[in-house]
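First comes the structure, then the notes that go with it.
Both ligands and their constituent atoms are indexed starting at 1 by order of listing.
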Amino acid sequence: MLRLGIIGCGGIAAAHGKAAQQIKDLRFVAACDVRRAAAADWAATYGAEAVYDDYREMLKAEALDGVLLATWPNQHREQIEVCLAAGIRNILCEKALTMTGAQAGEIWHLACRSGALVMEGFMYRHHPAIRRLEQMIFAGEIGRVDNIRAEFGWDNGPLEMDAPPALEKRNWRLRSDCGGGVPFDAACYAVNAAGHFARACPSRVYATGTMSKSLGVIMRLFGLIEYRNGVTGIISSSHGQQFSQELQVEGTRGHLFVPVAWTIAGEGTVEHRCAPTWGQVAATRHNVPATDSYAAQLRNFAAAARKEAAPLVPLVESVVNTHVIAALIESQRTRQPVDVELPPEIAAAYDATLQEAL
Ligand SMILES: NC(=O)c1ccc[n+]([C@@H]2O[C@H](COP(=O)([O-])OP(=O)(O)OC[C@H]3O[C@@H](n4cnc5c(N)ncnc54)[C@H](O)[C@@H]3O)[C@@H](O)[C@H]2O)c1
C-alpha cells in the first residue's frame with residue numbers, strides 16, 4: 001500500500017481524492033492546507049486520518065511513500081525541494097511544475113541526484129483518447145507530423161477590472177504572485193501537447209497576447225513554437241473566448257483532431273481527417289470510453305513509484321516545456337522572437353527520452 005500525503009486541499013484536490021478512492025494499492029493518509037479547515041474537510045471526505053496546516057510538520061510526522069502537490073505554481077519549486085530534502089522519493093506535482101526553466105532544471109538535478117520520481121500532473125496524457133492519438137501518430141497513420149495546433153481557452157470574466165478584488169480574495173488564476181494568468185494554467189497544456197507530438201527540442205518561439213494592466217497577469221497568449229526537427233507548434237490560450245480545448249496534429253497524409261483534449265468529460269473522441277482529393281475532407285470518428293484521467297494518472301504514478309512502469313510524463317520533458325513557456329512570456333512582453341536556450345545536459349536528456357519507445 002502506497003501511503004501518500006496531499007499538500008493543498010483546494011479546487012483540484014477533490015479530483016485527486018476521488019481518483020484515489022478507485023485505486024486499491026494506494027491511499028492518502030494525510031492532508032495539509034494552510035487553511036486547516038479545508039484540509040480537515042478534504043481528509044473527512046476522502047478518508048485521510050491526519051490533518052496539518054504546515055506541510056513541513058506533515059513530512060516530519062508521517063512516514064509517507066509519496067506526496068501530491070496541489071498548490072499554486074509559484075510554490076512548487078520550494079515545496080519539491082523541501083519534500084526531497086525530507087526524504088520523500090515520489091512526488092506528483094500539479095502543473096505547472098515551476099515558473100522558470102532554471103527552477104525546473106534545479107528540480108531535475110535534485111531528482112537525478114536523489115533518484116526520486118518527480119512527475120508533473122498532466123492528467124490528460126493518461127486519458128485513453130490521447131493514448132489512442134499517440135498510437136495512431138506513432139504508427140504513421142497521418143504520415144510525417146508537420147504541425148500541432150493546440151488551444152485552451154474559456155471566458156474567465158473581463159480582461160481588465162476598474163477595482164480588482166484584494167489579492168487574498170482573488171482566485172489564484174488572477175494573481176501574478178501565485179503564477180496566475182493563462183501561461184502556467186492553460187497554455188501549459190497546449191505547450192505540453194505540441195512538444196509531445198513534435199518530438200524534438202524546441203528552438204525558438206514567437207508570441208503575442210494581452211497582459212491585463214489591472215490584474216497583472218497574461219490573459220491571452222498566442223504563440224508559434226519552432227522545433228529543431230522543423231515541426232511547428234501553434235498554441236492559443238485566451239480568457240476572452242468561449243470554452244475550447246481543441247488539439248489537432250497535422251501530417252503529410254491526414255490530420256488527427258481531438259475536439260476536447262485536456263479535461264474530457266464523458267466519452268473521448270479522436271477524429272481522423274483525410275483529403276481524398278483537392279477540396280474535400282472525409283472524417284472518421286473513433287470514440288473512446290469515458291475514463292477518469294486523474295485515476296489513470298495516479299495509477300501510472302504508483303506504478304512508476306514501484307519501478308514497474310515509466311512515468312508517462314518524464315520530468316525532463318516538463319523542464320523543456322517550462323523553458324518554452326518562459327520564452328513565450330518573454331516574447332509576448334518584448335514582441336520579439338525568443339530563442340529557447342536549453343542547457344546542453346537537459347537537451348541531451350530530453351533527446352534520449354524521445355528515443356525511448358512509448
Ligand atoms: N490538472 C487539472 O485539471 C488542474 C485543474 C485545476 C488546477 N490545477 C493545478 O492545481 C494547482 C492548484 O490549483 P487549484 O485551482 O486547486 O487552486 P486552489 O486555490 O483552489 O487550491 C490551492 C490550495 O492550496 C492551499 N495552499 C496555499 N499555500 C499552501 C501551503 N504553503 N501549504 C499548504 N496548502 C497551501 C490553498 O489554501 C488552497 O486551498 C495549480 O498548480 C493548478 O495549476 C490542475
Check: residues 277-291 side-chain donor-acceptor pairs under 3.5 Å, at least two apart:
residue : atom : partner : partner atom : Å
H286    : ND1  : R132    : NH2          : 3.1
N287    : OD1  : T269    : OG1          : 3.4
T291    : OG1  : P289    : O            : 3.1

**Study point:** Listed partners of D25 passing side-chain hydrogen bond (donor to acceptor under 3.5 Å, both in side chains), at least two apart
**Key:** R306
**Study point:** Close aromatic pair by centroid cut-off 6.0 Å: Y124 and W262
**Key:** yes
Exercise for review: Check the surroundings of atom CD in Q242: do more than 12 heavy atoms from other residues, nucleotides or ligands lie under 6.0 Å from it?
Suggested key: no
Study note, to complete from the structure: Distance filter under 4.0 Å, heavy atoms only, around ligand 1 gives I7, G8, C9, G10, G11, I12, D33, V34, R35, A70, T71, W72, P73, Q75, H76, Q79, E94, K95, M123, W172, R173, Y189, Y294
Check your understanding: What pairs of residues pass the ring-ring contact (aromatic ring centres under 6.0 Å, His included) test when at least one of them lies in residues 13-46, not counting sequence neighbours?
Key -> H16-Y294, F28-W42, W42-Y46
Point to revise | side chain to side chain contact (heavy atoms under 4.5 Å, CB included) between L110 and I80, intermediate numbers included | key: CA-CA 9 Å; L110 285 175; I80 292 172; over 6 Å; no
